[in-house]
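Structure first, then comments.
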Amino acid sequence: MGVGHSNEGDARRAGASAAREALVGASPQLIVVFTSRAYDLHALLAGINDVAGAVPLIGCSTAGEIAASGPRDASVVVTALGGEGFSVAVGCATSASSGLREAGAEVASCLEEVDERPHKVLLILTDGLAGDQQEIVRGAHGVVGSGVPLVGGCAGDDLKLTSTSQLFGDRVLEDAVVAAAVSSDAPFGIGVRHGWRKIGEPMLVTRSLANRVYSLDDMPALDVYLERLGAPPAAWRDHSAFTDFSMTHPLGLSRRSGEPQVRFVSDADFVERSIGCIAEIPEGGVTWFMEGDADSVLRATDAACADALVPLESKPLGMIAFDCIARRGVLGEAGIKNEIDRMSSHAAAAPVAGFYTYGEIARTRGVSGFHNQTLVVLALS
Amino acid sequence: MSRSSGDWLAHQLSEFLAEISSLPDKASAVARAVERAAEAMEAEICALVASQEVVASVGFPRGEEPPAELIEVVQGSRNSVAAPGGRRCAVAIVPVGEKGGRHLLLGRSDDDPLDAEEMSLLRAMGRVLDLSLGQMELVASLRASEERTRLIIGTANDAFVGMDSDGAITDWNNKAAKLFGWTLEDVKGRRLDETIIPIRYRESLQQVLRRFLTTGEGPVLGKPFEISAQHREGYEFPIELTIWAHQIGRVQHFNAFARDISERKKAEESLRRSETRFRSLVQNASDVIAVLDPDSTIRYVSPAVLRVGGFEPEELVGHRALDLLHTDDSSLASAHFQEILNRPGAFTTMELRARHRDGSWRWLEASAKNLLEDPGIEGIVVNYNDITARKELEEQLTHRAFHDPLTGLANRILFRDRVAQALAHTDRDDRLVAVMFLDLDDFKIINDSLGHEAGDKVLTAVAQCLEESLRQSDTAARLGGDEFALLVEQLTEPDEAIEVGKRLIELIRGPVSLESRDLFIEASIGIAIGGSEHDADQMLREADAAMYRAKGHGKSRFELYESEIHAAVLERLELRGDLQRALVNQEFLVHYQPIVVLDKRIIVGFEALVRWLHPSRGLIPPGAFIHIAEDSGAIVAIGRFVLYEACRQTRLWQLRHPSDPLLSVAVNLSARQFEQPGLTQEVAGALRESGLAPSDVTLEITESLLMEDTEATLSKLEELKELGVRLAVDDFGTGYSSLAYLERFPIDRLKIDKRFVDRVGMGEDAALARAIINLSSSLRLKTVAEGIEMAEQVNELLALGCEFGQGYHFSKPLPAREVDALLDGRAHPVVSQGVGAEIGR
């Protein structure tokens, strides 16, 4: 695995330079691109493909790029995977929002093309604004079954929350899902942690429909949310002030084991008094408000990296991180530098790549696999 | 959140309920339920199985769901499945609904099974799902019923006429237009007596309607009555008219249904004419025919009752038929009777016992049909005949199949069944079960020096000793030779089994008196102790292994099973592995045993038998590997190979040795093969590829296969039969013998098991063989005797009416090239009669 990083202004040159830096090893089989939408993405892909040739490529736009050299904005990170004992197939589904589950199933079908090797993983990059992401995960799981872990993240757009891009070969797509099935002789490791903790008493979701929550404990959801958490006055009226606040105050759903599952509160409807989340909040369930601080979030970083390294039988060849943009909000600029240094030290000398996401995918047990405000680390060996 | 924070269960359940009940239909509810249960439990797999079918599942790669494994979990024959990714999952199973048809299965990898709280959640999910599905079914059926009402008027078979309070026609369906020749436009606003009812009825019809409007009553309203109707073209025909009133708001309306009854009238007329003829038929029928009132009182019974029941008809008329039945049968018979009582035309059959005039109980096969509404009969018609002889043969065969004829003890089959039941019970009461294998020491010496008769006496004495020493609940069996087995149940600790073992050795040591001398018998005993985690075969193998160890350690002692001595298990596993390889390496061979026409002693065909040429163990007989192949499923591929090979080879012989009729071949079908969905196509393929005519192939199936799942079995057999192949029942008389299936299924041949043939021609009682051959010929089946070893048997079988036979007396199963030699006449003297080769004299 090789990683290249460039923040040159010219898209084509930035792509070419990052690709050159990434393509250090022999026989590359997959290129993964995480890039800012500040670039002309067609030119960027042209630059990468000039250098990489016909190697299969998947990628997406981000809310910030991650490389060992540190977190960046307005840059591009190119990862090349290849070598012996390793096989790749890629898939792509467009118009995802009109059939999320079908899109998940469609991209997952590429697993059937990959060479049979003892360890497999399906890497998925989606449009986080396309709807309930858990449906995409269910669709993919329905095809690959419980034996193959799913890992990945939702594309970002530097927090403009308008539209995101997915990259496939030389195509720049929106409202799409792209995936790479990877089989390998050596094991993969996956770590999933967030570091948020519950505050206050649990609440019953008394009315919800898919991603929208209308009432909690039979009271308007927005009022309960703002009141109990003591939100600043601006968050009661202003959408961007609300998002600034909600980014560090997600909802938590109870799970059988491990940490509660976190749901990012993405918007408020000040008329209807409802709140919107990035994935389904089931009616009849129980939820908590959650909070975190720099300390708990960084502890989660260490734990996720350590978890990812457990299954490996040798030193890691590299790590790919899908890190929620909301965590970046909690940590601040100095904090995320610290976070990436920690990842690098867990990776020992191996390269690190990743991006700030609008949602994270990691399905290792059961059927659920969509996360928010979480760090997902994939370690390769 | 960890589950210790309290109401995890309630929260998960309320989420589950909210989600499932919000879905629009059953299919999506089931799919979501399976997914949601897996999410809540972090399970690897989850599935809903309903009556032998996997309705929905999650966790398996697309197209790789293993329905057979999941169904086996429901049936209880396995408790884990291979989960995707190579892990094994212990599977928890809960019912969905009380009828037992649907089950929710959930599997999590072995190192993390469901705890009690999760089990109760899963159970609750099953209950919630059932309730939701029930509600959805109810809603769907209500919707369907509304839809139906709307449809009925439009597509009714009856003509429908809607009228207002004056009797003016407002509505008229297509059937009415067709029946009376008028369209709705023609008749709208006019009255029935102006259109379809002849004018002579006008006054009475008007009166009916008027009377109803003033008094609210009507002699014919709501009741069908017959009347003549008039077609537009003027001719009259009989109809049945039903008029009823209904109120919309305050306005009274009338509706009428009319039905053409010309055909019925004609039928009634012809029935009247044929009644005389019918009566004379009944009087002379050999089956008894009786007509009963709804309270089962006999109104009429045909004269045949004198022959069947010993009674004169008049002795029975006036008695309640249900009172004449055996008390064990009367409640079931009454239930059958009630079931058809309210459904005109309904039909039922059952087997029951009734008292003969001589005091004995007779088995009857009775059918009853509800003809209460048939104007010619107005009663329940019962038709029955005596099947006592058939039932007795069945019972005898069944007893024989499960008992050792010499000692009367249970045999291996029954014993194994008892062990399995006992093990299943341990699940409930937490007790232990012991299986003991007991082998007499030096029995061979007694047999050889004192003769078989003495040997048999010793065996009988030992059997008696075993029976006397056992408690009521325990079982003693003779497994064969000098091998006995005991099943001891309800043990609280292993020491109790050891005590029983010690006591037995002492008891058996007591001398057996044989004519003038006392024999001292000694036995070695192997003991296996187990509980619900064991299966019966395992217990038997363990006891067997322990018994051999006891013998090895010096005789007259007992040994408790320990796992390291279980070499048999290892061998079985090894063979199982070898089987897979054998398929690839083509180590299987087909041998052919000639089937001979007994009177001419001429070969007419062969039974194809599989052999395994193991690279290190040599030729392995089927008995040593077929059950392993059945377990592993390899039998399907082996069976396919035998079928194709046998067809190919037989066609070759037909071409090389033309005869009339052509040589035929019989191929065994295993139960596993029979269950394969593509079996018929496969047989058709083998026929096509070889060019063999279907009528030259006989497929042999076992009796037990016919006993299972009879509807599916019947349709499968009929499918095969359609191809033109013949069907034979193999090893007849070795399982639960229900003879009814022989009539029900399209069987051509019966193969009598060697055990019955052995008794023929030996001056021994051949009653059972005779009974089977008689039965077979009464059903017009061909009979094939298996295992013929002596010339005397051939003659007696011929005398009994058996046409075909096979066995070592004629030829053992032979490799194909030796059969060639046989057919060429090189191996045996041949008297050519233009029909195959003659052998065996």
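Chain identifiers are assigned alphabetically (A, B, ...) following the order of the sequence lines, protein sequences preceding nucleic acid strands; residue numbering begins at 1 within each chain.
Counting heavy-atom pairs closer than 4.5 Å to chain B, the top-ranked of the candidates A/Gly145, A/Pro282, A/Pro202 is A/Gly145.
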Exercise. Stepwise, does the salt bridge (Lys or Arg N to Asp or Glu O under 4.0 Å) test hold for B/Glu39 with A/Arg363?
Worked result: CA-CA 11 Å; B/Glu39 271 172 27; A/Arg363 195 216 64 80; over 6 Å; no
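Of all heavy-atom pairs between A/Ser109 and B/Arg62, the closest is OG-NH2, 2.8 Å.
Using a 4.5 Å cut-off on side-chain heavy atoms (C-beta onward), B/Glu35 and A/His141 make no contact. A 4.5 Å side-chain heavy-atom check between B/Pro61 and A/Glu112 finds every atom pair outside the cut-off.
Annotation for B/Arg127: atom CZ does not count as buried by contact number, only 12 or fewer foreign heavy atoms lying within 6.0 Å. Around CZ of A/Arg207, the count of heavy atoms belonging to other residues, nucleotides or ligands within 6.0 Å does not exceed 12.
Proximity to chain A (any heavy atom under 4.5 Å) is restricted, for B/Ala43, to the backbone atoms N, CA, C and O. Both the backbone and the side chain of A/Val143 come within contact range of chain B, judged by heavy atoms closer than 4.5 Å.
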